[in-house]
Amino acid sequence: MAKESTTIDVGESSTVTKSRSHVAVDEKKKTLVSATAGGSYKRGLAIFDFLLRLAAIVTTITASSIMYTAEETLPFFTQFLQFQAGYDDFATFQFFVIAIAIVASYLVLSLPFSIVTIVRPLAALPRLILLISDTVVVTLSTSATAAAAAMVYLAHNGNTNTNWLPICQQFGDFCQATSSAVVAASIGVVFFILLIIISAIALKRH
């Protein structure tokens, strides 16, 4: 009886061992499939991130260039006075040009990190660096764009309470250029917000 009992126990142990090994293999396969799917998803996000950065570079360089070249001289002048408007006549527009140029430079420098996230989609450190850096830089971009937008509004509409007269009736080309620069920079801010959302989603799925 003891031998029969021993034989039955060994058989059950062998069966349990085999079933456990099958379960372990199945779990490894599921983990591998899940990791592959997650890597593909994050690689797609990384590619979209890279394309957005290229688009943001174009918009920020365009905005800074348009504002930098914004200048108009009226065709009439006196012997001692010439009517001219340029971006360097306004401290707000000077700040806009410098700030947006810094933003564009940052975007160019961030491209290698974005490429790393494409090559290694599961790496968290490059994505975290981009998230923090984008959050800081979007603050600079937003403040410069908002300040320039306020100045453009005053140029178009003036302020009756402070007796500030609108100048866009006389300097139409100048106002058109500054308005275009503000619009381009605003689009760049939207791109930055999308970049931050992408980085947050990618990190959340780690």
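Heads up: numbering here begins at 1 and tracks the sequence.
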Determine which pairs satisfy disulfide (SG to SG under 2.5 Å) with at least one residue from [range], sequence neighbours left out, and list them in order.
{"range": "residues 89-146", "answer": "none"}
{"range": "residues 107-153", "answer": "none"}
{"range": "residues 93-184", "answer": "Cys168-Cys175"}
{"range": "residues 102-157", "answer": "none"}

field: pair Leu195-Val138: side-chain heavy atoms closer than 4.5 Å
entry: no

message: When you compare the side chain of Thr117 with that of Lys42, does any pair of heavy atoms fall below 4.5 Å?
response: no

Measure the spacing between [atom1] of [X] and [atom2] of [Y] and express it to the nearest 0.5 Å.
{"X": "Leu45", "Y": "Ser40", "atom1": "CG", "atom2": "OG", "value": "11.0 Å"}
{"X": "Ile100", "Y": "Ser65", "atom1": "CD1", "atom2": "OG", "value": "11.5 Å"}
{"X": "Ile57", "Y": "Ser105", "atom1": "CD1", "atom2": "OG", "value": "9.5 Å"}

message: With side chain to side chain donor-acceptor pair (under 3.5 Å) as the rule and sequence neighbours excluded, what pairs involving residues 106-116 come up?
response: Asp49-Ser114, Arg53-Ser110, Tyr106-Asp134

- request: Apply ring pair (Phe, Tyr, Trp, His ring centres under 6.0 Å) to Phe93 and list each qualifying residue two or more places apart in sequence or on a separate chain.
  value: Phe90

message: Counting neighbours of CZ on Phe113 that are heavy atoms of other residues, nucleotides or ligands and sit closer than 6.0 Å, is the number greater than 12?
response: no

Considering residues at least two apart in sequence or located in another chain, which fulfil the side-chain contact (heavy atoms from CB on, under 4.5 Å) criterion with [X]?
{"X": "Thr69", "value": "none"}
{"X": "Gln94", "value": "Tyr87, Asp88"}
{"X": "Ile187", "value": "Thr59, Val183, Phe191"}
{"X": "Ile132", "value": "Leu128"}

message: Applying the side chain to side chain contact (heavy atoms under 4.5 Å, CB included) criterion to Thr145, which one of Val103, Leu140, Val189 satisfies it?
response: Val189

Hey, any chance [X] and [Y] share a hydrophobic cluster, counting ILVMFWY side chains that come within less than 4.5 Å of each other, even indirectly?
{"X": "Val119", "Y": "Leu51", "value": "yes"}
{"X": "Val97", "Y": "Val182", "value": "yes"}
{"X": "Leu54", "Y": "Phe48", "value": "yes"}
{"X": "Leu107", "Y": "Leu194", "value": "yes"}
{"X": "Leu52", "Y": "Leu111", "value": "yes"}

If you look at every heavy atom in [X] and [Y], which pair is closest and at what distance?
{"X": "Leu109", "Y": "Pro112", "result": "O-CD, 3.1 Å"}
{"X": "Ser143", "Y": "Phe95", "result": "OG-CZ, 4.1 Å"}
{"X": "Ile61", "Y": "Ala104", "result": "CG1-CB, 3.8 Å"}
{"X": "Thr139", "Y": "Thr135", "result": "OG1-O, 3.0 Å"}
{"X": "Thr178", "Y": "Met67", "result": "CG2-SD, 3.7 Å"}

task: Mind checking side chain to side chain donor-acceptor pair (under 3.5 Å) for Glu71 and listing every partner two or more places apart, or none if nothing turns up?
output: Gln84

Run the side-chain donor-acceptor check on residues 146-156: report pairs under 3.5 Å with partners two or more places apart or on a different chain.
unit_1, atom_1, unit_2, atom_2, d
His156, NE2, Ser179, OG, 3.1

